Chemist: 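I have a structure I would like to understand better, so I am pasting it below and will then ask my questions one at a time.
Small disclaimer: the values here were computed from a predicted structure and weren't measured.
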Amino acid sequence: MKLKKLHDIKFTTKEAIHQAVLSKPNEIIILFHSGEVIRHNLDTNQREHLFSITKTNYSGGDFDPGSEISIHTLDDIIVVTSSYKENGYVHYPEKYKKLSLQREDNHASISKYPIALFKNKNLVPHLVYGIAWNHVQIMNLDTRQILTASKSLIEENAEEDHIEFYKTHEETNKHPWPSPYDYFYGELKMSPDHKHFLCAGWVWGSYDAYNIYKVDNFINSNRIKEISIGGWQHDNRAVCWIDSITVAVAYSPLMEGDNGATKETPNELHIYKLSNNETVLEREIKVGTIDVVHSTIHYSTQLNAFFLYSKNIGVVIISFAGELLYENKEIEIDQYFPDGNQFLTVTETSITVSQVIK
């Protein structure tokens, strides 16, 4: 495999790029430090101003376009959030220019803003978004109706689980029940078929607690039903969908304290299959000493391989058998776009678009 440079775009120092993402193979969404958000067409080099974000004082904190930002896209819809703060915006051309989002601050600094975009079976765009540490909503973006407005923050079988758990407890240790959902939502990842969303969240302990939620159930049921993938040391480990029922989670035997694990013990990718409202660990792929836990991971159907990147490892491509297909420690990647196997490298004055070729 090799890398091919497709575009190299230069900007003036006055424009100062803060963040950029590929939204389509020929289109980039760019946020400047000034707060301006534009659409840049790679074929024509034409730019379109979309909206502006300024440092605004909210009751729950500032939206600072210079802080760590996440940009999510679906067709022409753009969602910009302050990743580890409380505020965001939705831009939906022809509908509204800038719809404000805000979540409560309870450990927001270590809980990535929960955001996921999807279309339902009628191709209507929807947004999954956080409003509190343990509370996400689903909104129809065409009508701006919050479909989960009356959803309880209580899990399914909460009463039965409470009774069973407290059978052996003294009366003085018992509390009012059922208790509200005790889970910190984090980064969301929508399944390829838009039927489930995965949450890279956490619970007190503290440890990574990754769950899957069925979209239809989340909208139509009054109770929360989580499908647990697993729990590990709290490190915001890498995770991705492989297909609509399969997930890969990064794992470090040394970090988890496995018996006999040393610095030389190979790290792993654990593959989980979703079946009958539970997940099953299907296989463990050994990947050598590559730091997969602290990377960003995607699965490329075109390459039939895992694409990983971070400042520490550069870019790494690993086969399903754990074979190292490509490694470049010198290159720095800001975003990988699976369609076309393209990726961005962003500086304050330039954006480079490259492609992985077999």
Side-chain angles (χ1 to χ4, degrees), residues 23-24 70 72-77 79 90 92 112-131 134-157 181 183 185-201 208-230 238-249 269-283 296-302 304 306-307 320 336-339:
S23 55
K24 298 174 185 177
S70 296
H72 307 262
T73 64
L74 176 67
D75 296 334
D76 288 337
I77 298 170
V79 181
V90 181
Y92 190 175
K112 195 166 188 179
Y113 207 125
I115 291 288
L117 287 157
F118 72 96
K119 291 181 180 178
N120 67 5
K121 61 183 180 181
N122 296 319
L123 302 183
V124 175
H126 288 68
L127 174 68
V128 189
Y129 65 105
I131 64 170
N134 64 341
H135 193 182
V136 298
Q137 301 271 35
I138 298 181
M139 182 196 308
N140 178 322
L141 287 177
D142 275 359
T143 64
R144 283 175 277 196
Q145 179 188 6
I146 300 172
L147 304 179
T148 49
S150 61
K151 189 178 185 68
S152 166
L153 286 182
I154 307 297
E155 287 187 80
E156 286 189 3
N157 304 315
Y181 197 39
Y183 179 72
Y185 286 101
E187 184 176 12
L188 303 183
K189 295 177 181 288
M190 186 61 61
S191 65
D193 63 1
H194 290 186
K195 291 184 178 179
H196 297 86
F197 62 92
L198 183 157
C199 182
D208 290 341
Y210 287 7
N211 296 330
I212 294 172
Y213 303 86
K214 189 174 182 179
V215 171
D216 284 348
N217 178 274
F218 207 90
I219 293 173
N220 298 312
S221 173
N222 191 45
R223 293 290 183 98
I224 295 171
K225 182 175 179 59
E226 67 178 29
I227 304 171
S228 174
I229 301 173
V239 61
C240 71
W241 289 95
I242 295 174
D243 56 38
S244 293
I245 58 170
T246 315
V247 172
V249 181
L269 293 176
H270 287 187
I271 310 303
Y272 293 86
K273 186 78 73 174
L274 178 62
S275 177
N276 296 323
N277 291 320
E278 64 179 11
T279 59
V280 179
L281 178 60
E282 280 206 328
R283 61 188 297 189
T296 298
I297 182 172
H298 294 270
Y299 180 74
S300 168
T301 55
Q302 294 183 33
N304 192 28
F306 298 98
F307 188 102
F320 237 96
Y336 175 70
F337 187 70
D339 292 351

Chemist: If you define the side chain from C-beta out and look only at heavy atoms, does anything of His126 sit under 4.5 Å from Asn120?
Modeler: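 Counting from C-beta outward, His126 and Asn120 do come under 4.5 Å.
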Chemist: Is any side-chain heavy atom of His72 less than 4.5 Å from a side-chain heavy atom of Leu127?
Modeler: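 No, every pair of side-chain atoms sits at 4.5 Å or beyond.
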Chemist: Please walk me through it: do Thr148 and Ile146 pass side chain to side chain contact (heavy atoms under 4.5 Å, CB included)?
Modeler: CA-CA 6 Å; Thr148 49; Ile146 300 172; 4.0 Å; yes
Chemist: Please give me the minimum heavy-atom distance between Tyr92 and Pro125, naming the atom from each residue.
Modeler: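 Shortest heavy-atom separation between Tyr92 and Pro125 comes out as OH-CG, 3.5 Å.
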Chemist: At their closest point, which heavy atom of Ala149 faces which heavy atom of Gln137, and how far apart are they?
Modeler: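 Smallest interatomic distance, heavy atoms only, reads N-OE1, 3.8 Å.
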Chemist: So for atom NZ, which belongs to Lys225, do other residues, nucleotides or ligands contribute more than 12 heavy atoms lying within a distance under 6.0 Å?
Modeler: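 Check passes, neighbour count above 12.
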Chemist: In sequence, state the C-alpha distance, the side-chain angles, and the governing distance for Val247 and Leu274, and then conclude on side chain to side chain contact (heavy atoms under 4.5 Å, CB included).
Modeler: CA-CA 8 Å; Val247 172; Leu274 178 62; over 6 Å; no
Chemist: Say whether, by atom type as modelled, one donor and one acceptor occur between the side chain of Asp243 and the main chain of Ile245 under 3.5 angstrom.
Modeler: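 Yes, the answer is positive, given that a donor and an acceptor are paired below the 3.5 Å cut-off.
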Chemist: Answer yes or no: is there a side-chain heavy-atom contact under 4.5 Å between Leu269 and Ile297?
Modeler: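 Leu269 reaches Ile297 side chain to side chain.
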Chemist: Are the side chain of Asn211 and the backbone of Cys199 linked by a donor-acceptor contact shorter than 3.5 Å?
Modeler: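 No, because the side chain of Asn211 does not come within donor-acceptor range (under 3.5 Å) of the backbone of Cys199.
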Chemist: Aromatic contact between Phe218 and Phe197, with the criterion being ring centroids under 6.0 Å apart: yes or no?
Modeler: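 For Phe218 and Phe197, the ring centres are under 6.0 Å apart.
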Chemist: Test Lys24 against Asp76 for side chain to side chain contact (heavy atoms under 4.5 Å, CB included), laying out the working first.
Modeler: CA-CA 9 Å; Lys24 298 174 185 177; Asp76 288 337; 3.2 Å; yes
Chemist: Considering non-hydrogen atoms only, spot the tightest contact between Ser70 and Lys112 and give its length.
Modeler: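 What the structure gives for the nearest pair is OG-CE, 3.3 Å.
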Chemist: Please check if atom NZ in Lys195 has more than 12 non-hydrogen atoms from other residues, nucleotides or ligands closer than 6.0 Å.
Modeler: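 Open: at most 12 neighbouring heavy atoms sit under 6.0 Å from NZ of Lys195.
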Chemist: Do you see a donor-acceptor pair shorter than 3.5 Å between the side chains of Tyr299 and Asn304?
Modeler: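 There is such a pair between these side chains.
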Chemist: Rounded to the nearest 0.5 Å, how far does CG of Leu153 lie from NE2 of His135?
Modeler: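 Reported to 0.5 Å precision, the distance equals 4.5 Å.
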Chemist: Please check if the distance between the ring centroids of Phe320 and Phe306 is under 6.0 Å.
Modeler: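 Centroid distance Phe320-Phe306: below 6.0 Å, so yes.
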Chemist: As an exercise, state the distance from CD1 of Ile242 to NZ of Lys273, rounded to the nearest 0.5 Å.
Modeler: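 Nearest 0.5 Å value for the CD1-NZ distance: 7.5 Å.
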Chemist: Give the minimum heavy-atom separation between Met190 and His196, together with the two atoms involved.
Modeler: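 It is SD-O, 3.1 Å.
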Chemist: At what distance, to the nearest 0.5 angstrom, does CG of Leu198 lie from OG of Ser191?
Modeler: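 Reported value, rounded in 0.5 Å steps: 9.5 Å.
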Chemist: Distance from Ile138 atom CD1 to Ile219 atom CD1, nearest 0.5 Å?
Modeler: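 So the gap between those two atoms works out to 4.5 Å.
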Chemist: As an exercise, state the distance from CD1 of Ile224 to CD1 of Ile154, rounded to the nearest 0.5 Å.
Modeler: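 Rounded to the nearest 0.5 Å, the CD1-CD1 separation comes to 8.0 Å.
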Chemist: Going by heavy atoms in the side chains, are Tyr272 and Val239 under 4.5 Å from each other?
Modeler: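 Not touching, per the 4.5 Å side-chain cut-off.
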Chemist: Distance from Ser300 atom OG to His298 atom NE2, nearest 0.5 Å?
Modeler: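 These two atoms lie 10.5 Å from each other.
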Chemist: Is a side-chain N or O of Trp241 found less than 3.5 angstrom from the main chain of Lys189, in a donor-acceptor match?
Modeler: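 Present.
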Chemist: Is there a donor-acceptor contact under 3.5 Å from the side chain of Lys151 to the main chain of Ser221?
Modeler: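 Yes; judged by distance alone, with no hydrogens or angles, the pair exists.
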Chemist: Do the non-hydrogen side-chain atoms of Leu141 and Leu117 ever get within less than 4.5 Å of each other?
Modeler: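 The answer is yes; the side chains approach within 4.5 Å.
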Chemist: Step through the shown structure and confirm whether more than 12 heavy atoms of other residues, nucleotides or ligands are within 6.0 Å of CG on Asn276.
Modeler: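 Atom CG in Asn276 is not crowded, with 12 or fewer foreign heavy atoms closer than 6.0 Å.
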Chemist: Would you indicate whether the side-chain heavy atoms of Met139 and Val90 approach each other to under 4.5 Å?
Modeler: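 When only atoms from C-beta onward are counted, Met139 and Val90 do not touch, as no gap falls below 4.5 Å.
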Chemist: Which label fits Tyr181 and Tyr185: parallel for a plane angle under 30°, tilted from 30 to 60°, or perpendicular past 60°?
Modeler: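 Ring orientation, 0 to 90° scale: tilted.
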Chemist: What's the shortest heavy-atom distance between Asn217 and Arg223, and which atoms?
Modeler: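 Where Asn217 meets Arg223 most closely, the heavy atoms are OD1-O, 4.2 Å.
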Chemist: Set out, in order, the CA-CA distance, both residues' side-chain angles and the distance that settles side chain to side chain contact (heavy atoms under 4.5 Å, CB included) for Thr296 and Tyr336, then state yes or no.
Modeler: CA-CA 9 Å; Thr296 298; Tyr336 175 70; over 6 Å; no
Chemist: Taking all non-hydrogen atoms of both residues into account, name the closest pair between Asn140 and Val124 and its distance.
Modeler: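 For Asn140 versus Val124, the nearest heavy atoms are OD1-CG1, 3.5 Å.
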